Novice: 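Below are the structure tokens for one structure; questions will follow.
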Amino acid sequence: MENGVASTKEEGFLSRMALNDNKAGMEGLDRDKINKIIMETSKGSKFYENELKRDQQVNQRITKMMLQKARITEQQLKKAQAQVEKVATALEKSRDLSRVIVHVDMDAFYAAVEMRDCPELKDKPMAVGSMSMLSTSNYHARKYGVRAAMPGFIAKKLCPSLVIVPLNFDKYRAVSNEIREIFADYDPNFQPLSLDEAYLDFTDHLEQRQHWPESARTHHFRKKAELSQEAMTEIRELSPVLFEDSPGSSPSPVGPEGVRAPAGDFEVFGTSVEEAVREMRFRIEQKTMLTASAGIAPNMMLAKVCSDKNKPNGQYRLPSTREAVMDFIHNLPVRKVCGIGKVSEKMLNALGISTCSHLGQQMALLSLLFSETAWHHFLEVSLGLGSTYIPRHEERKSMSTERTFKELSKVEEQLSLCRELCEDLAEDMKKEGLKGKTVTLKLKNVNFEVKTRAMTLPCAVATVDEIFAVAKDLLKTEIENESPQPLRLRLMGVRISAFASLDDKKPLQKSIIGFLQSGKTDCSSSSQGMHQKPGNELQLEAHASTSACAESETLTCPVCFRKVETTDLNVFNTHIDQCLSNASQKTNNGTESDTESESDLKKDREERAAVNKLRRRHEAQEKKSKVNPQKGQSSVKKDSVQKVSLIKDDNKTATSQEPQPSNSKGPVFVCPVCQLTQETHDLAVFNHHVDLCLNQEVLHELGRQTSSSINLSPAKNSKSTGKRDTPSSPPSKKVKSLGPCNTIDKFFR
DNA sequence: ATACATACC
DNA sequence: TACTGGTATGTAT
């Protein structure tokens with residue numbers, strides 16, 4: 001084979017195997033040396049062989065694409081260019097620079113937590129994970145090329161002194177909760193992306209912040225006294241964890257809160273965005289002794305890129321002007337953009353595209369070579385556009401569990417493992433009170449080849465037996481297909497999806513508690529009508545919770561009346577706590593009328609915000625409803641309260657904007673809470689009614705929950721889930737009759 | 001609806 | 001010795 005070809009292939013493959021210097025902390029290391037070690041350590045392994053295979057598949061895709069490109073005529077290109085420009089103009093018109101979006105990201109999160117809790121590790125290269133796989137590494141280790149998603153044994157080759165600490169998820173979760181409490185102070189509707197990362201919309205906070213007194217912007221250091229002045233300065237700039245020269249070997253064991261620093265040990269933060277974000281990061285560091293980085297930008301896509309810019313322990317603000325955005329985008333590597341991964345990068349590179357400006361220059365071509373969703377995304381990226389509305393965390397769509405193990409070839413062992421996975425999955429499903437219709441089995445053989453096999457049932461299931469009945473069938477089929485060769489597995493997984501609550505919808509938020517219980521639609525006969533679940537109670541209950549919970553996506557705060565767009569009950573609780581403390585502060589020196597005017601002010605502000613939010617959200621939903629019109633429709637209801645705000649805010653356009661269901665004369669309002677038609681054309685009156693309705697409902701429902709306080713955690717509320725597992729479902733008969741394989745029977749119970 | 005691939009942390 | 005696990009989404013059939 002010709003030299004040139006061989007070498008380009010190798011280089012291409014490197015992009016798959018080799019280290020990504022994409023991430024922070026990788027500057028000025030010996031790339032070639034590192035890559036050589038990685039390749040040498042991997043070479044010849046099954047994993048490596050499979051990666052080679054996959055890389056060749058990508059190469060084929062690229063070849064196909066290049067052929068397609070060669071067939072494109074000037075005329076096609078011109079037409080495409082016109083089309084692209086049309087879309088681009090529309091996108092440009094929708095550009096919204098009015099929001100302030102922040103992306104926060106903890107620095108080397110897991111590693112930083114472990115270092116904090118074990119000072120021994122502070123000056124050593126370390127990583128969190130196992131010999132098989134690392135989750136993250138500290139900055140020390142990154143100098144050696146050790147990074148997340150790298151197997152530990154390779155990392156050890158790169159850095160023999162590397163210390164590998166096992167994962168301790170409970171600890172990370174606890175820290176995560178701490179930082180989320182702080183996030184909620186800046187945006188109660190923040191969206192967590194993972195334990196250590198979140199998007200926040202700072203716009204509302206900043207508006208309020210302008211009127212805050214200094215005292216509200218003053219925050220204290222957690223440590224005091226024994227530190228010298230220089231040490232204090234250092235602590236301001238350096239992470240106590242990420243850098244070895246941080247002051248004081250181990251901080252005095254004071255609680256993260258409640259310890260007042262003496263006068264002087266505080267900092268007053270300004271009212272600008274940068275100050276607000278700096279303040280948030282400061283509070284995170286004081287509370288957790290861990291540092292965070294942040295990006296500030298007019299949309300989510302940009303904010304995410306920005307948060308990487310001054311990592312670790314830094315922040316970067318991209319000004320909200322079109323010019324600044326386009327400047328920023330210009331030389332930005334496409335790979336930095338969320339959603340463009342290894343493969344997309346490689347395909348784009350093949351077209352000579354490596355930066356976002358290239359992307360913009362090649363849009364006509366891209367529109368002919370990629371799917372509509374793909375090129376639309378590329379176009380948005382090239383214009384520096386992204387979402388300006390942070391959606392609440394969506395309900396989960398699937399739940400799965402999978403495990404990697406030493407080769408497993410015996411049928412009985414595979415079946416018992418499968419059952420084990422189903423047990424784990426069923427347990428998790430119970431915790432969230434979910435039921436799903438589609439069961440998917442995932443298999444990975446010792447050659448790293450992955451297969452998935454799915455089956456959709458007429459009814460949603462959740463119990464071990466139900467899930468296993470399906471998973472086992474799928475597994476058996478695979479075993480049979482392979483026989484007489486055994487399946488030589490290295491991984492098995494079971495996933496369940498198509499949750500009943502998402503599909504069988506009655507789009508009416510009738511009961512908030514119903515939602516809080518997170519009861520889901522239930523279809524009490526199991527898979528193939530094998531056995532009937534006993535008990536009417538169960539059915540009634542399930543039915544009730546169906547109508548109760550379907551499609552509710554916001555919770556209404558009983559204190560401030562505002563809709564809190566979250567399904568995270570911790571967030572909701574935090575919001576209520578805040579409201580209660582605000583209210584008590586405010587009513588301390590005032591009377592009821594005082595409170596009323598406060599809330600009026602609040603409402604006005606809220607309504608203005610609602611208009612903007614709604615506008616942005618509409619865009620998001622239009623996209624969705626294209627794909628799934630039903631979902632788009634169902635969201636009409638949940639928006640109706642806000643829609644009213646919109647109408648109220650802008651009376652003149654109200655009738656033209658909002659298609660009214662009846663009455664050509666004028667708007668007739670139906671209360672989204674009580675479902676009764678309100679005989680009024682006065683929006684203020686109608687809004688007042690809705691507020692009352694919402695409030696009454698919440699209070700009523702909360703009051704009815706006599707048991708165990710107001711426990712908002714669905715997991716802990718056993719009212720519905722508890723019953724579900726009590727009926728000891730008899731072992732299914734179908735299962736027993738399954739047939740020839742005797743060894744299988746023992747796995748059925 | 002199913003299978004597979006890509007992406008993110 | 002050893003290359004994860006959980007979730008979402010896009011693409012093709």
Side-chain angles (χ1 to χ4, degrees), chain A residues 16-17 20 22-23 38 41-43 45-51 53-55 57-58 60-61 64 105-106 108-110 128-136 147-157 164 166-167 169 172 176 192-198 304 335-347 370-377 393-407 421 424-425 428 437-444 446-458 474 478 490-499 623-624 627-628:
Chain A
R16 168 173 289 270
M17 293 294 289
N20 241 328
N22 197 18
K23 283 278 193 252
I38 294 177
T41 312
S42 307
K43 216 148 209 166
S45 68
K46 300 280 194 184
F47 177 81
Y48 178 92
E49 295 302 321
N50 187 254
E51 287 299 292
K53 203 180 91 189
R54 290 181 33 164
D55 186 60
Q57 282 171 11
V58 172
Q60 274 184 17
R61 266 177 80 182
K64 233 173 91 183
D105 192 350
M106 298 297 288
F109 187 47
Y110 299 169
V128 180
S130 70
M131 261 323 214
S132 304
M133 187 50 60
L134 302 180
S135 286
T136 189
R147 45 158 297 131
M150 176 181 279
F153 69 93
I154 291 180
K156 277 282 201 185
K157 290 243 160 110
I164 297 179
L167 284 156
F169 263 108
Y172 315 142
S176 184
L193 292 180
S194 60
L195 289 182
D196 76 315
E197 231 180 288
K304 173 114 197 203
R335 184 63 232 268
K336 292 271 183 190
V337 176
C338 189
I340 300 182
K342 280 179 179 180
V343 174
S344 304
E345 180 193 30
K346 195 172 174 177
M347 302 227 294
F370 288 82
S371 71
E372 190 180 67
T373 29
W375 75 258
H376 278 193
H377 181 235
H393 199 62
E394 302 249 352
E395 285 171 87
R396 73 153 73 240
K397 296 183 171 64
S398 73
M399 183 180 275
S400 67
T401 182
E402 69 186 50
R403 221 160 285 155
T404 296
F405 35 76
K406 269 202 348 229
E407 174 172 349
L421 290 166
D424 292 354
L425 185 56
D428 292 345
K437 285 191 288 200
T438 304
V439 176
T440 307
L441 179 73
K442 176 175 170 182
L443 302 173
K444 178 148 69 180
V446 291
N447 296 319
F448 288 86
E449 293 160 337
V450 178
K451 248 184 214 172
T452 59
R453 293 291 175 264
M455 159 105 87
T456 300
L457 306 165
L474 295 168
E478 283 316 297
R490 84 179 322 271
L491 171 145
M492 191 186 296
V494 181
R495 175 164 70 247
I496 185 155
S497 52
F499 295 134
K623 278 185 198 161
K624 271 196 173 175
V627 183
N628 187 347

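Just so you know, these numbers come straight off a predicted model, no measurement behind them. Below, chain A is the first sequence line, B the second, and so on; all start at residue 1.
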Novice: Nearest whole angstrom, please: distance from the C1' of C/dA2 to the CZ of A/F448.
Specialist: 9 Å
Novice: Send over the distance from A/E407 CD to C/dT1 C1', rounded to a whole Å.
Specialist: 14 Å
Novice: Can you name the residues that form a salt bridge (Lys or Arg N to Asp or Glu O under 4.0 Å) with A/R54, not counting sequence neighbours?
Specialist: none
Novice: What pairs with A/K64 under side chain to side chain donor-acceptor pair (under 3.5 Å), at least two apart in sequence or on another chain?
Specialist: none
Novice: If you check the A/K342 side chain, which of B/dA7, C/dC3, B/dC8 turns out closest?
Specialist: B/dA7
Novice: Rounded to whole angstrom units, what separation is found between the CG atom of A/L443 and the C1' atom of B/dA3?
Specialist: 13 Å
Novice: Please classify the nucleic acid contact of A/K304 as base, sugar-phosphate, or nothing, using heavy-atom distances under 4.0 Å.
Specialist: sugar-phosphate
Novice: Distance check needed: B/dA7 P versus A/E345 CD, whole Å only.
Specialist: 9 Å
Novice: Considering heavy-atom distances to DNA chain B, does A/R54 or A/L195 have its closest nucleotide positioned more toward the 5' end?
Specialist: A/R54
Novice: Looking at A/T452, does any N or O in its side chain come under 4.0 Å of the phosphate oxygens OP1/OP2 on B/dC4?
Specialist: yes
Novice: Nearest whole angstrom, please: distance from the C1' of B/dA5 to the NZ of A/K64.
Specialist: 13 Å
Novice: Looking at every strand, decide which applies to A/K451 at a 4.0 Å heavy-atom threshold: base, sugar-phosphate, or nothing.
Specialist: sugar-phosphate
Novice: Looking only at atom P, what distance separates B/dA5 and C/dT4, rounded to whole Å?
Specialist: 16 Å
Novice: So which nucleotide from B/dA7, C/dA2, B/dC8 ends up closest to the side chain of A/C338?
Specialist: B/dC8
Novice: In chain order, what residues pass the side chain to side chain contact (heavy atoms under 4.5 Å, CB included) check against A/Q60, with sequence neighbours excluded?
Specialist: none
Novice: Return whichever of A/T440 or A/G339 has its heavy-atom-nearest nucleotide of DNA chain B closer to the 5' end.
Specialist: A/T440
Novice: Looking only at side-chain N and O atoms, does A/S344 come under 4.0 Å of OP1 or OP2 in B/dA7?
Specialist: yes
Novice: Which letter, B, S or -, goes with each nucleotide of nucleotides 5-13 of chain C from 5' to 3', with contact meaning a protein heavy atom under 4.0 Å?
Specialist: BSBSS-S--
Novice: Does the pair A/K444/A/E402 count as a salt bridge with the N-to-O cut at 4.0 Å?
Specialist: no
Novice: Looking at A/K304 and A/D105, is there a salt bridge between them, counting it only when a charged N and a carboxylate O are closer than 4.0 Å?
Specialist: no
Novice: Taking 4.0 Å as the cut-off, does a side-chain nitrogen or oxygen of A/S42 come that near to OP1 or OP2 on C/dC3?
Specialist: no
Novice: Measure from the side-chain heavy atoms of A/A454 and tell me the nearest of B/dT2, C/dC3, B/dC9.
Specialist: B/dT2
Novice: Between P on B/dA5 and CD1 on A/I340, what's the gap in Å once rounded to a whole number?
Specialist: 21 Å
Novice: Distance check needed: B/dA7 P versus A/R335 CZ, whole Å only.
Specialist: 7 Å
Novice: With sequence neighbours left out, what residues match A/Y110 under ring-ring contact (aromatic ring centres under 6.0 Å, His included)?
Specialist: A/F169, A/Y172
Novice: With side chains defined as the heavy atoms from C-beta onward, is the minimum distance between A/M492 and A/R403 less than 4.5 Å?
Specialist: no
Novice: Is any side-chain N or O of A/R453 closer than 4.0 Å to OP1 or OP2 of B/dA1?
Specialist: no
Novice: Could you state the CG-C1' distance from A/L134 to C/dC3, rounded to the nearest angstrom?
Specialist: 10 Å
Novice: Could one point to a donor on the side chain of A/S45 or the base of C/dC3 with an acceptor on the other under 3.5 Å away?
Specialist: no
Novice: So, using side chain to side chain contact (heavy atoms under 4.5 Å, CB included) as the criterion, who are the partners of A/S194 when residues are at least two apart?
Specialist: A/D196, A/E197
Novice: Over all strands shown, is A/Q57 touching base, sugar-phosphate only, or nothing at heavy-atom distances under 4.0 angstrom?
Specialist: sugar-phosphate
